[in-house]
Protein chains: 2
Amino acid sequence: MLTLLFTTPKKMIDSNFKVACSSCNLRELCMPVGLEISDMKKLDEVVATRKQVKQGQLLFGNGDPFTSLYAIRTGFFKTCVSNEDGREQVTGFQMAGEIIGLDGIVTDHHSCNAVALEDAEVCIMPFANVEELSREFPVLQRHVHKIMSREIVRENGMMMMLGNMRAEERLAAFLLNLVQRLHARGFSQSEMILRMTREEIGSYLGLKLETISRTFSKLSEDGIIEVKQRYVKILSPEELRKIYNPQPCQTSV
Amino acid sequence: MLTLLFTTPKKMIDSNFKVACSSCNLRELCMPVGLEISDMKKLDEVVATRKQVKQGQLLFGNGDPFTSLYAIRTGFFKTCVSNEDGREQVTGFQMAGEIIGLDGIVTDHHSCNAVALEDAEVCIMPFANVEELSREFPVLQRHVHKIMSREIVRENGMMMMLGNMRAEERLAAFLLNLVQRLHARGFSQSEMILRMTREEIGSYLGLKLETISRTFSKLSEDGIIEVKQRYVKILSPEELRKIYNPQPCQTSV
DNA sequence: AAAAGTCCTTGATATAAATCAAACAATTAG
DNA sequence: CTAATTGTTTGATTTATATCAAGGACTTTT
């Protein structure tokens with residue numbers, strides 16, 4: 001098969017090649033901004049190696065010992081938790097420049113699965129390095145704290161979605177967030193190819209896949225988006241934002 | 001009224017009294033364990049002052065500049081986020097020894113409200129102090145990282161609850177979690193007085209107050225708990241755990 | 001090119017929880 | 001001590017989403 005022919009040779013995967021953050025074009029996403037060149041070079045030590053993860057493979061799984069954070073260089077991941085009786089909850093979708101693995105710090109073991117939704121490459125940042133350099137560089141320390149705080153705030157927002165919002169609002173918020181993050185990475189601000197199935201979107205948003213499908217159809221019929229399988233185009237961002245933030249009904253004084 | 005007579009004088013509130021973590025009986029909840037006495041004394045510098053917060057008052061609110069983390073000494077808080085159209089989501093309930101304010105780090109402004117559900121006292125830990133001492137004491141640095149990671153993992157669990165679980169399962173999980181945390185603080189492992197209304201529980205669990213009330217009644221009828229307003233006694237922790245973690249149906253091979 | 005496997009859509013029906021409503025209990029204010 | 005307010009319970013009804021079901025559209029395998 002074609003894919004086999006183009007597979008990276010085994011020895012390349014999980015290689016020991018050094019990656020220089022200082023010359024990485026995702027620098028401003030992963031690393032603190034406003035660093036001196038000299039400091040930046042020293043921070044290159046955060047990253048030990050890179051690792052490739054094929055579509056469908058686990059970067060880390062529930063119960064794995066925690067050793068490192070991972071900065072996504074290319075590709076797309078989902079993280080999910082599952083409980084005793086096998087129910088799964090997707091807790092996030094992550095793309096280039098985002099950091100995963102923070103869940104492992106508290107118990108020294110990961111409590112979720114990180115699965116590549118497309119062939120991906122990550123920078124391995126041994127957490128011991130992160131902590132050591134954080135002590136030396138206050139700007140890195142602050143950066144790490146912000147990344148963790150951002151994740152806490154994001155999850156607060158998810159609780160609001162899951163606890164209070166209707167299916168259409170959740171999907172609108174999801175699409176707006178996704179396209180905004182893609183746009184920040186140089187992609188279109190209106191078009192995208194989804195990397196996940198309806199079922200995965202549903203799991204993330206606390207809905208069933210049929211509801212996702214129906215809600216896509218509804219938004220499409222209303223002329224707000226165009227959907228063709230994984231391809232989504234936002235025709236009216238304002239309408240989508242209105243669905244997400246419905247104005248409170250005007251009541252008479 | 002009685003409460004007025006016993007109110008702490010105004011000058012005591014938001015006082016500059018130093019609090020020594022090294023001699024605080026909540027030490028093992030807020031602070032890293034296994035510290036040398038000498039290091040512990042230095043860590044006393046983390047806490048600047050204490051502050052009293054009366055029932056119903058805000059410790060901090062959405063939009064407030066972020067300056068400090070707060071360690072709860074006494075009392076009980078809720079944190080909640082709200083959106084443009086006024087819907088509220090309780091994101092957590094916090095008790096003695098727990099840290100609040102982490103949401104403010106990422107933007108230097110808080111993104112939620114922290115409200116005292118009973119008269120409370122907190123230790124103010126200016127975040128600049130926390131970061132400075134973290135650079136000096138790796139054990140404190142690790143501790144701060146764990147606290148943030150724990151919050152991320154807790155919220156992952158909430159996403160599972162809100163996305164996948166039924167009303168009865170959510171309430172069972174809530175009661176088990178609450179009583180377990182109270183027990184860790186020396187209270188009963190079966191009885192408790194709830195500090196929040198049915199509506200607040202509902203907001204936290206993504207349910208309406210009537211559903212909370214009905215679910216309490218159901219658990220009570222089934223002999224699993226005893227409920228009298230805010231008083232709750234867990235009669236059968238095993239049954240409650242079974243509801244939370246229903247065994248997957250045994251299917252034939 | 002056909003077959004098999006995923007993934008997606010749409011319709012019919014079921015259901016858990018929301019909503020509406022009213023009475024009741026507990027607490028606070030006058 | 002009584003009235004007002006706030007919080008809780010319970011019943012009747014509605015509704016948003018889940019579930020069940022079947023066919024269609026891609027994708028991968030053979």
Side-chain angles (χ1 to χ4, degrees), chain A residues 1-7 54-56 78 87-90 115 117-118 161-172 193-221 225-232 243 246 249, chain B residues 1-5 7 54-56 78 87-90 115 117-118 161-172 174 193-221 225-232 243 246 249:
Chain A
M1 282 157 306
L2 215 63
T3 43
L4 256 177
L5 290 174
F6 285 93
T7 297
K54 309 271 332 158
Q55 186 174 121
K78 69 169 178 183
R87 278 176 285 188
E88 272 216 348
Q89 173 72 35
V90 171
V115 181
L117 296 183
E118 59 180 8
M161 292 248 283
L162 295 169
N164 277 295
M165 313 223 298
R166 291 171 313 101
E168 210 179 17
E169 298 176 292
R170 295 186 206 186
L171 191 60
I193 303 288
L194 300 175
R195 253 64 235 210
M196 68 295 277
T197 66
R198 305 290 191 255
E199 187 168 20
E200 286 163 335
I201 299 171
S203 173
Y204 184 56
L205 299 179
L207 300 166
K208 293 298 165 184
L209 70 97
E210 294 94 331
T211 303
I212 300 299
S213 181
R214 280 183 235 276
T215 309
F216 267 129
S217 301
K218 168 73 161 50
L219 292 175
S220 183
E221 283 159 28
I225 62 174
E226 189 188 322
V227 194
K228 185 82 195 299
Q229 302 291 125
R230 301 285 181 98
Y231 168 83
V232 178
I243 288 171
C249 302
Chain B
M1 276 162 309
L2 216 62
T3 43
L4 257 176
L5 290 173
T7 297
K54 309 272 328 160
Q55 185 173 121
K78 69 169 177 182
R87 278 176 284 186
E88 272 215 347
Q89 173 72 36
V90 172
V115 181
L117 296 182
E118 59 180 7
M161 290 247 284
L162 295 170
N164 277 295
M165 312 224 299
R166 291 171 313 101
E168 209 179 18
E169 297 175 292
R170 295 186 205 185
L171 191 60
F174 171 74
I193 303 289
L194 301 176
R195 253 64 236 210
M196 68 295 278
T197 66
R198 304 289 191 257
E199 187 169 20
E200 287 162 334
I201 299 172
S203 172
Y204 184 56
L205 299 180
L207 299 167
K208 294 297 165 185
L209 70 95
E210 294 94 330
T211 303
I212 300 298
S213 182
R214 280 183 235 277
T215 308
F216 267 128
S217 300
K218 167 74 161 53
L219 291 174
S220 183
E221 282 159 28
I225 62 174
E226 189 187 323
V227 193
K228 185 80 197 300
Q229 301 291 126
R230 302 285 181 98
Y231 168 84
V232 178
I243 289 170
C249 304

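Order of the sequence lines fixes the chain letters, A, B, ..., with proteins taken first and strands second; residue numbering starts at 1 for each chain.
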Whole-Å distance between [N] [atom2] and [X] [atom1]?
{"X": "B:Leu205", "N": "C:dA17", "atom1": "CG", "atom2": "C1'", "result": "13 Å"}
{"X": "A:Lys218", "N": "C:dT10", "atom1": "NZ", "atom2": "C1'", "result": "16 Å"}
{"X": "B:Phe216", "N": "D:dG7", "atom1": "CZ", "atom2": "P", "result": "15 Å"}
{"X": "A:Glu199", "N": "D:dT19", "atom1": "CD", "atom2": "P", "result": "12 Å"}
{"X": "A:Ile212", "N": "D:dA16", "atom1": "CD1", "atom2": "C1'", "result": "14 Å"}
{"X": "A:Tyr231", "N": "C:dC8", "atom1": "OH", "atom2": "C1'", "result": "18 Å"}
{"X": "B:Leu162", "N": "C:dA17", "atom1": "CG", "atom2": "C1'", "result": "14 Å"}
{"X": "A:Arg198", "N": "D:dG24", "atom1": "CZ", "atom2": "C1'", "result": "14 Å"}

Mind running side-chain contact (heavy atoms from CB on, under 4.5 Å) on B:Leu171 and B:Ile201 for me, showing each step along the way? CA-CA 9 Å; B:Leu171 191 60; B:Ile201 299 172; 4.1 Å; yes

Partners passing salt bridge (Lys or Arg N to Asp or Glu O under 4.0 Å) against [X] (at least two apart in sequence or in another chain):
{"X": "A:Lys78", "answer": "A:Glu200"}
{"X": "A:Glu168", "answer": "A:Lys218"}
{"X": "A:Glu88", "answer": "none"}

Where along residues 164-172 of chain A does a heavy atom come under 4.0 Å from DNA chain D, residue by residue in number order? A:Arg166, A:Ala167

Which residues share a side chain to side chain donor-acceptor pair (under 3.5 Å) with B:Glu118, sequence neighbours left out: B:Arg195

Check this one for me: any side-chain N or O of [X] less than 4.0 Å away from OP1 or OP2 of [N]?
{"X": "B:Ser217", "N": "D:dT10", "value": "yes"}
{"X": "A:Arg230", "N": "C:dC7", "value": "no"}
{"X": "B:Thr211", "N": "C:dA17", "value": "no"}

Looking for any heavy atom pair under 4.0 Å, which part of the strands does [X] touch: base, sugar-phosphate only, or nothing?
{"X": "B:Leu207", "result": "sugar-phosphate"}
{"X": "B:Ser213", "result": "base"}
{"X": "B:Gly206", "result": "sugar-phosphate"}

Given C:dA17, D:dA18, D:dT8, which nucleotide is nearest the side-chain atoms of A:Lys208? D:dA18

Which residues share a side-chain contact (heavy atoms from CB on, under 4.5 Å) with B:Arg87, sequence neighbours left out: A:Asn164, A:Met165, A:Glu169, A:Pro246, B:Asn83, B:Asp85

B:Gln229: which residues meet the side-chain contact (heavy atoms from CB on, under 4.5 Å) condition with it, sequence neighbours left out? none

Which atom pair, heavy atoms only, marks the closest approach of A:Ala172 to A:Ile243? CB-CG2, 3.9 Å

Quick one: pull up [atom1] in [X] and [atom2] in [Y] and give me the separation to the nearest 0.5 Å.
{"X": "B:Ile212", "Y": "B:Phe174", "atom1": "CD1", "atom2": "CZ", "value": "8.0 Å"}
{"X": "A:Leu209", "Y": "A:Arg198", "atom1": "CG", "atom2": "CZ", "value": "9.5 Å"}
{"X": "B:Gln89", "Y": "B:Leu205", "atom1": "CD", "atom2": "CG", "value": "9.0 Å"}
{"X": "A:Phe216", "Y": "A:Leu194", "atom1": "CZ", "atom2": "CG", "value": "5.0 Å"}

Polar-atom pairs under 3.5 Å, protein N or O versus N or O of nucleotides 3-6 of chain D: list them with distances, or write none.
none

Main chain of A:Val232, side chain of A:Glu226: is a donor-acceptor contact present, judged purely on distance under 3.5 Å? no

For nucleotides 11-15 of chain C, which of its nitrogen or oxygen atoms have a protein nitrogen or oxygen under 3.5 Å away, and what is each distance?
residue : atom : partner  : partner atom : Å
C:dG11  : N7   : A:Arg214 : NH1          : 2.9
C:dG11  : O6   : A:Arg214 : NH2          : 3.0
C:dA12  : N6   : A:Arg214 : NH2          : 3.3

Report yes if some heavy atom in the side chain of B:Leu162 is under 4.5 Å from a heavy atom in the side chain of B:Arg170; otherwise report no. yes

Where at least one partner belongs to residues 208-217 of chain B, residue pairs that pass side-chain hydrogen bond (donor to acceptor under 3.5 Å, both in side chains), sequence neighbours excluded: none

Quantified as the angle between the terminal helix axes (five pairs each), what is the overall bend of the helix from C:dA1-D:dT30 to C:dG30-D:dC1 to 10 degrees? 40°

Check the pair A:Val227, A:Leu219 against side-chain contact (heavy atoms from CB on, under 4.5 Å), reporting the backbone distance first and the verdict last. CA-CA 9 Å; A:Val227 194; A:Leu219 292 175; over 6 Å; no

Protein-nucleotides 23-25 of chain C N/O pairs closer than 3.5 Å?
none

